[in-house]
Structures are given as C-alpha cells and as structure tokens.
*Asks:* 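A single structure is presented below for examination.
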There are 2 protein chains.
Amino acid sequence: MSDLLERLRERGWRMTSQRRVVAEVLDGDHVHLTADEVHARAAQRLPEISRATVYNALGELVSLGEVKEVSTDGRAKRYDPNAHRPHQHLVCSACGTVRDVHPTGNPLADLPPDQRFGFTISEAEVTYRGLCPSCV
Amino acid sequence: MSDLLERLRERGWRMTSQRRVVAEVLDGDHVHLTADEVHARAAQRLPEISRATVYNALGELVSLGEVKEVSTDGRAKRYDPNAHRPHQHLVCSACGTVRDVHPTGNPLADLPPDQRFGFTISEAEVTYRGLCPSCV
DNA sequence: ATCCTACGATGGACAGAGTCCAAGTCAAGA
DNA sequence: TCTTGACTTGGACTCTGTCCATCGTAGGAT
Ligand SMILES: [Mn+2]
Ligand SMILES: [Mn+2]
Ligand SMILES: [Zn+2]
Ligand SMILES: [Zn+2]
C-alpha cells in the first residue's frame, strides 16, 4: 500500500507540499496517529504547516476512503491508513497503544434479526481492551 | 434495577440532593444520555445544580460500576445505567440514537491466541452502525 | 515560459466537551 | 446542636476540532 501518493494523484487530488507530507506521514507503517501527532511529524519536514491544513487533509483522505477514523476512547480521534483491509482494534487500557487485529468470524452474524430493530446495519466495529505486554 | 439509590446508600455514598437527582435521572428509562443531557434533566428538578457536580457524580457512578461510559463517536460520551447486564450497542449513523443489543456468541472467542499479541484482554466492545428505521 | 484563477493554506477566533480549583456549604456522626 | 471532612459551585482553563477571511499557488490555458 505504499503508492498512496500515486493513487491520490490519479484520483485528481491536487497535490500541494502540505498534502504530500501529510500523506507521507500516514503512508507506510500501520500506525494510528492523532491529528496533532500527524501535524507534529509533518511539521518536521514542513515547519510552517498549520493544524487546520492537517485537519483538512485528513478529512479529505477519510472521504476518499484512503484513511479511516478510529475513536477508541473519548479522546482525540486516530487516523488509520490501513483502510483497505478490514480489521479490528486491540487497545491497551493503560498506555493507549492501538494494534490491528483480524478476528475470525463476522460479528454481524452474531446479531439475529430480532436484535436489529429495523436498522439497516452497515458495519460492526469491535474494540478489544486490555493490558499490553509492557503494561501488565 | 430501580433501587439504584438504595444500593448507593448501602455502599456509603454520601447522599446529597444533587447526587440524588443525577441518580434519579439515570434510573429512569432514558438511557445513553450525554453529561449535558443529564445536567439539563437534573436542572429541571434542581435548577442550580452545576455541570461540575454532574461530571463528578457521573464519574463516581462509573467508578462504582453502576454506570458505564459509552463513546460511540468522537462526540460527547454517553452514560449508560444498564451496567449490570452485558450488552452491545446499535448506533444510527444519521441521528445518533443508541440502542442496547444482545448478540449471540462471545466476541472474545473470535480472537485467536496468535492475534492477542501478549495482551491480557478484559473485554470486547462491539458497535453496530447503520440507519435506524426513521432515518432509512 | 508566463498568466490566470479556482482551489488550497494560513492563523486566529470560536465552539464543544471536559477538568481543575479556591471558596463556600452541608450531611451525618458525635 | 456542633463539628468537620466531604461535597458543590462558577469560572477559568485545557484539549480537540471547526470556521472564516485573506493570502498563496498548482496546474491548465495560452
Ligand atoms: Mn487499524
Ligand atoms: Mn447500553
Ligand atoms: Zn500498554
Ligand atoms: Zn436515525
């Protein structure tokens, strides 16, 4: 998935230096950075980039389906570049680390029709919580 | 579960008029309120109750295990008085309504050991998202 | 290569959600 | 009734995120 920049250009996303560094920060590892963390990393390469621009770029990447928003707690949203392979999250209750996990089975299958209350359900998000090895 | 007040008194929770109205607001059938919604309803019965007091009381009820915090999106947390029967949530993507649901099976069983990465997992939260009948 | 202009970037004000604190009040035991 | 530590209050403050007027520039047109 390292051709994020390429895909964006092909989709007609106007490429500015600011958008490039935001995309580069997200590309690569499957991290789960907050908007301010993305801003901090982007600012290492482009010191005058503004918070508003980072928020704008992240919002567009989410609209384009290239990044997913993850809100594991009531704190800052995290931005997940692993948008193409469905997965769930494992969150450390102590340090807040977020890991991708791939559970077996489909949680939607566990919700019988009489528990759907007329909703048209489009997705099921699972968050596993516990302590990571460093926080035992 | 209408003896919430009774349980709290038995557990030595100092009963003030403010705490009483907060507990009474939650004890009814209006589940999944935000802190400000709780404050608004409490203020109908006790006009001068402050936001800080509502936050304090909610935080203590959560610590006591009598109320659960639910953060379904990046917005305000909701406070769920249904803390004694394990359940999951069905959320309307349009209007934000939250309903309790009781899926079959245990989501923890869907996470094989090689997907636990050394974590000590204590719970699995499932959020089903979709459109409610009024928002089709 | 230069020009144009619509789209993007900027920073500061603003808003929503929640926390913190010093000062005042009161529940409940003695 | 008295006493006292726990509770409440309002406002200031933090954190996260949005909005907006103005300025700058990417990239198509010439
Ligand atoms: Mn992820
Ligand atoms: Mn519930
Ligand atoms: Zn940890
Ligand atoms: Zn709805």
Side-chain angles (χ1 to χ4, degrees), chain A residues 5-6 8-25 32-64 66-80 96 98, chain B residues 5-6 8-25 32-64 66-80 96 98:
Chain A
L5 274 289
E6 188 57 32
L8 291 168
R9 209 186 313 264
E10 278 166 9
R11 296 179 69 176
W13 204 51
R14 192 172 190 168
M15 193 55 65
T16 66
S17 54
Q18 293 86 351
R19 289 176 168 198
R20 191 188 332 278
V21 294
V22 169
E24 284 170 357
V25 164
H32 301 90
L33 301 175
T34 64
D36 276 339
E37 286 166 352
V38 171
H39 178 245
R41 295 190 184 205
Q44 290 172 5
R45 306 198 46 183
L46 192 65
E48 295 321 308
I49 191 172
S50 72
R51 288 175 68 249
T53 294
V54 171
Y55 274 103
N56 287 342
L58 289 173
E60 283 156 13
L61 292 173
V62 170
S63 295
L64 290 167
E66 294 287 355
V67 167
K68 276 189 133 58
E69 279 180 351
V70 179
S71 27
T72 52
D73 51 4
R75 312 280 317 215
K77 284 178 193 161
R78 294 179 173 276
Y79 291 87
D80 188 347
V98 178
Chain B
L5 274 291
E6 189 57 32
L8 291 169
R9 209 186 313 266
E10 278 167 9
R11 296 178 67 176
W13 204 51
R14 192 171 189 168
M15 193 54 66
T16 66
S17 53
Q18 293 87 351
R19 289 176 169 197
R20 189 186 335 276
V21 295
V22 169
E24 284 171 357
V25 164
H32 308 112
L33 300 175
T34 65
D36 277 338
E37 287 166 352
V38 172
H39 178 244
R41 296 189 184 208
Q44 289 173 6
R45 306 197 49 183
L46 191 65
E48 295 322 306
I49 190 171
S50 72
R51 286 176 70 251
T53 294
V54 170
Y55 274 104
N56 288 342
L58 290 173
E60 283 154 15
L61 292 173
V62 170
S63 294
L64 289 168
E66 295 287 355
V67 167
K68 276 189 132 58
E69 279 181 349
V70 179
S71 30
T72 52
D73 51 3
R75 313 281 317 218
K77 285 178 194 161
R78 295 179 172 275
Y79 291 86
D80 187 348
V98 179

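Everything numeric here is computed off the predicted structure, so don't read it as measured data. All values below come from the heavy atoms of this structure, side chains included, with hydrogens, waters and symmetry mates left out. Sequence lines set the chain letters: A, B, ... in the order given, protein chains first and strands last, and positions in each chain run from 1.
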*Asks:* Could you state the interatomic distance from CH2 (A/Trp13) to CZ (A/Arg19), rounded to the nearest 0.5 Å?
*Replies:*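 One finds 5.0 Å between CH2 of A/Trp13 and CZ of A/Arg19.
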*Asks:* With heavy-atom distances below 4.5 Å as the criterion, would you say the side chains of A/Lys68 and A/Val62 are in contact?
*Replies:*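 A side-chain contact is absent here, since even the closest heavy-atom pair is not under 4.5 Å.
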*Asks:* B/His39 NE2 to D/dT8 P: how many Å, rounded?
*Replies:*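 From B/His39 NE2 to D/dT8 P: 12 Å.
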*Asks:* Does A/Thr16 place a side-chain N or O at less than 4.0 Å from the phosphate oxygens OP1/OP2 of C/dG8?
*Replies:*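 The answer is no; no side-chain N or O of A/Thr16 sits under 4.0 Å from OP1 or OP2.
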*Asks:* Atom pairs under 3.5 Å, N or O on each side, protein against nucleotides 20-23 of chain D: can you list them with distances?
*Replies:*
none

*Asks:* Nearest-Å distance, CD1 (A/Ile49) to P (C/dG8)?
*Replies:*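 Spelled out: CD1 on A/Ile49 to P on C/dG8 is 14 Å.
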*Asks:* The side chain of B/Tyr55 lies closest to which of these nucleotides: C/dA9, C/dG18, D/dG27?
*Replies:*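 Looking only at heavy atoms from C-beta outward on B/Tyr55, the closest nucleotide is C/dG18.
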*Asks:* Less than 4.5 Å apart, side chain to side chain, heavy atoms only: is that true for B/Arg9 and B/Arg20?
*Replies:*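 The answer is yes; the side chains approach within 4.5 Å.
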*Asks:* Between A/Glu60 and B/Ser17, which has a closest nucleotide on DNA chain C that is more 5'?
*Replies:*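 Result: A/Glu60.
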*Asks:* With sequence neighbours excluded, give me every salt bridge (charged side-chain N to carboxylate O under 4.0 Å, His left out) pair touching residues 37-53 of chain B.
*Replies:*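 Residue pairs passing salt bridge (charged side-chain N to carboxylate O under 4.0 Å, His left out), neighbours aside: B/Glu24-B/Arg45, B/Asp36-B/Arg51, B/Glu37-B/Arg78.
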*Asks:* Quick one: B/Trp13 CH2 to C/dA28 P, roughly how many Å, whole number?
*Replies:*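 Between P of C/dA28 and CH2 of B/Trp13: 12 Å.
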*Asks:* Using whole Å, report how far CZ of B/Arg20 lies from C1' of D/dA6.
*Replies:*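 So the CZ-C1' distance, B/Arg20 to D/dA6, works out to 16 Å.
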*Asks:* Quick one: the side chain of A/Arg14 and the base of D/dG27, do they pair up donor-acceptor inside 3.5 Å?
*Replies:*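 When only heavy-atom distances are counted, A/Arg14 does not reach the base of D/dG27 through any donor-acceptor pair under 3.5 Å.
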*Asks:* What are the two closest non-hydrogen atoms of A/His39 and A/Ile49, and how far apart are they?
*Replies:*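 That closest heavy-atom pairing would be NE2-O, 2.9 Å.
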*Asks:* Check this one for me: any side-chain N or O of A/Gln18 less than 4.0 Å away from OP1 or OP2 of D/dT25?
*Replies:*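 No, A/Gln18 has no side-chain N/O under 4.0 Å of OP1/OP2 on D/dT25.
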*Asks:* Return yes if the base of C/dG18 and the side-chain atoms of B/Arg51 contain a donor-acceptor N/O pair under 3.5 Å, otherwise no.
*Replies:*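 Present.
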*Asks:* Of the candidate nucleotides C/dT10, C/dA17, D/dT8, which contains the atom at the shortest distance from the side chain of A/Ser50?
*Replies:*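 That would be C/dT10.
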*Asks:* Can you tell me the distance, in whole Å, between the CG atom of A/Leu64 and the P atom of C/dG8?
*Replies:*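 After rounding, the reported distance stands at 11 Å.
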*Asks:* In whole angstroms, how far is the P atom of C/dA17 from the CG atom of B/Leu58?
*Replies:*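 Spelled out: CG on B/Leu58 to P on C/dA17 is 14 Å.
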*Asks:* Among C/dG18, D/dT16, C/dA9, which is the nearest nucleotide to the side chain of A/Arg19?
*Replies:*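 Ranking C/dG18, D/dT16, C/dA9 by closest atom to the A/Arg19 side chain puts C/dA9 first.
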*Asks:* Would you indicate which nucleotide in D/dT9, C/dA17, C/dT10 comes nearest to any side-chain atom of B/Ala76?
*Replies:*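 That would be C/dA17.
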*Asks:* How many whole angstroms separate atom CD of B/Glu37 from atom C1' of C/dG18?
*Replies:*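 From B/Glu37 CD to C/dG18 C1': 15 Å.
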*Asks:* To the nearest Å, give me how far apart CG (B/Leu46) and P (D/dC7) are.
*Replies:*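 It works out to 17 Å between those atoms.
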*Asks:* Does OP1 or OP2 of C/dG16 have a side-chain N or O of B/Arg75 closer than 4.0 Å?
*Replies:*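 False: B/Arg75 side-chain N/O out of range (4.0 Å or more) of C/dG16 OP1/OP2.
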*Asks:* Heavy-atom distance under 4.5 Å between the side chains of A/Leu61 and A/Leu8, does that happen here?
*Replies:*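 Answer yes - side chains close enough.
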*Asks:* Does any part of the side chain of B/Gln18, heavy atoms only, come nearer than 4.5 Å to the side chain of B/Asn56, both counted from C-beta?
*Replies:*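 A side-chain contact is absent here, since even the closest heavy-atom pair is not under 4.5 Å.
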*Asks:* For A/Ala35, check side chain to side chain contact (heavy atoms under 4.5 Å, CB included) against everything at least two apart and list the hits.
*Replies:*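 Checked A/Ala35 against side chain to side chain contact (heavy atoms under 4.5 Å, CB included); matches are A/Tyr55, A/Leu58, A/Tyr79.
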